[in-house]
Protein chains: 2
Amino acid sequence: MEIMESITGGKSRYHHGDLRNALIEAAVELAAEGGPERVVLREAARSVGVSPTAAYRHFNGQGELLEEVKIHGQQALAASMSEAVRVLPGLDDPGEEAVRRTEAIGRGYVRFAIEHPGLYRTAFCRTSAAEEHDFTGLEVPDGSPEFAAFRELSDTLDTLVAAGRMRPDNRPAAEVAAWSAVHGLSLLILDGPLALLPADQRDAVVERTLTTIVAGLTRQ
Amino acid sequence: MEIMESITGGKSRYHHGDLRNALIEAAVELAAEGGPERVVLREAARSVGVSPTAAYRHFNGQGELLEEVKIHGQQALAASMSEAVRVLPGLDDPGEEAVRRTEAIGRGYVRFAIEHPGLYRTAFCRTSAAEEHDFTGLEVPDGSPEFAAFRELSDTLDTLVAAGRMRPDNRPAAEVAAWSAVHGLSLLILDGPLALLPADQRDAVVERTLTTIVAGLTRQ
DNA sequence: CACAAGATGTTAACGGCGTCAACATAGGAA
DNA sequence: TTCCTATGTTGACGCCGTTAACATCTTGTG
């Protein structure tokens, strides 16, 4: 398989060259604009300039296209969380550092939801492909990049225990508690009763919620 | 306006008599089966035995029908929370009672989500009618029955403060933190990574999460 | 180099959806 | 009784996802 000299080659060609990715890109844009219900196969095809049925050469159907966008959203979310941690200053007290890091992860999570509501909602939308990974807090899958951030959370929680800031018997399900809090908070802000809260009040509520959940996790 | 002797009168009549409620009922059933995306106007009409456009005499369109179902779901959720509290035994220590009550409210919330996933998802689905109520934790709207349970949570949190189990400066946004936790937990269980967790492990995670969030709220 | 075969894209069509316009009927008030 | 209005019906439109049948490009092989 030679590399097609096409891609941006010129003149409208019968074969697109990279239709799959082009469709995903278009679909991501749609999702960013209007969430999962907005990613409609025909519109993605239209915006790429191709017939609707062409998509079926690259996806099993709309569901599979949506799944692709979903993965993209999960990765972007993970990146936001990682970035929030990366930016943190180092501290002398490792326990304090772990606490700050935990809060930062949560902040990055909520921040992404607020800044990219469509993608965030898509990342957690229901899809027919219900083959979800599961973890109780003990078994953390690795490899899949969308879970890199989750791994980061998990490690940070371990650090909390190691530094004596969290009781070991609190450790199991700690990531579920943390994740639940930021996930719920994000959705209450996006779709729920906190939707029309002015930004400054909203941020205050976010900070207070982060503080509360971390307090719960680190209670001795 | 005389009462129509119809309703269950007999013989197929041209005028249904209570089509609006019949459609809502059908739509609720659909939502219970498959969530918000399942409440399709034509199917509701079909199951009532009426033409699709008949619905337009009673609703502005599918969105308004969905909105009706949404309200129904919110009320059912509130009922589940209230029931969980009602069932609690009284305690001598009012502080301890308030703590138990807070946990019970959360348990009732998550329990409803697990037992009625379709209705729960519908209760929180996005609808065009974005005229949501908002509250920062200070201003709690009353009247609307779907918020009765929220009022109950708010009162319970007040009791926590009064009994000296919660620092007053922790009070603001406390309901947001509590709500976020149970909401996020419910969604992680329904759609997210905890979906395939066996029931007993799932219940354990729920209990641990409730404990953690209450610990955060009541930390001195 | 020729050419068959597979990969990739197109057109046409189906059924289902939400919605609108035009028409039909029933029930109550005058 | 008669007419008005509330309520329901039929028919049509454009959108969606999806399938089947056909067209064109690309590539490996003789």
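Quick note on labels: first sequence line is chain A, next is B, and so on, each numbered from 1. Remember, predicted model here, so these are calculated numbers, not experimental data.
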Between [X] ([atom1]) and [N] ([atom2]), how many Å, whole number?
| X | N | atom1 | atom2 | result |
| --- | --- | --- | --- | --- |
| A/Leu30 | D/dC16 | CG | P | 11 Å |
| A/Tyr56 | D/dC22 | OH | C1' | 18 Å |
| B/Arg38 | C/dG16 | CZ | C1' | 13 Å |
| B/Leu41 | C/dT19 | CG | P | 7 Å |
| B/Asn21 | D/dT7 | CG | P | 13 Å |
| A/Arg57 | D/dA20 | CZ | P | 11 Å |
| B/Phe59 | C/dG18 | CZ | P | 13 Å |
| B/Gln62 | C/dG16 | CD | C1' | 14 Å |

[X] side chain, from C-beta outward: closest of [options]:
| X | options | result |
| --- | --- | --- |
| B/His58 | D/dT7, C/dC17, C/dG9 | D/dT7 |
| A/Arg42 | D/dC16, C/dC17, C/dG18 | D/dC16 |
| B/Val40 | C/dT10, C/dC17, D/dT10 | C/dC17 |

- Side chains of B/Glu152 and B/Ser82: is there a donor and an acceptor less than 3.5 Å apart?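 Short answer, yes.
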
- Item | Pair of N/O donor and acceptor under 3.5 Å linking C/dT11 base with A/Thr53 side chain |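 By the distance-only test, yes, there is a pair.
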
- Please figure out whether B/Ser51 or A/Asn60 has its closest DNA chain D nucleotide nearer the 5' end.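 Nearer the 5' end of the strand: B/Ser51.
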
- Earlier contact from the 5' end, DNA chain D, for A/Gly61 and B/Leu19: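 Looking at the nearest nucleotide for each, B/Leu19 comes out on the 5' side.
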
- Query: So A/Trp179 and A/Phe150, would you call those rings parallel, tilted or perpendicular, with 30° and 60° as cut-offs?
  - Reply: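 Geometry flag for A/Phe150 against A/Trp179: tilted rings.
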
- Task: Mind telling me whether B/Tyr109 and B/Phe124 have parallel, tilted or perpendicular rings, with 30° and 60° as the class edges?
- Result: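 Ring orientation of B/Phe124 relative to B/Tyr109: tilted.
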
- Approximate separation, where rounding is to 0.5 Å, of B/Arg208 CZ and B/Thr211 OG1: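 OG1 of B/Thr211 is found 7.5 Å from CZ of B/Arg208.
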
- Task: Report yes if a side-chain nitrogen or oxygen of B/Arg46 is closer than 4.0 Å to either non-bridging phosphate oxygen (OP1 or OP2) of C/dC17; otherwise report no.
- Result: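 Result: yes.
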
- Query: Between A/Gly108 and A/Ser80, which heavy-atom pair has the shortest distance, and what is it?
  - Reply: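 Where A/Gly108 meets A/Ser80 most closely, the heavy atoms are O-OG, 2.9 Å.
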
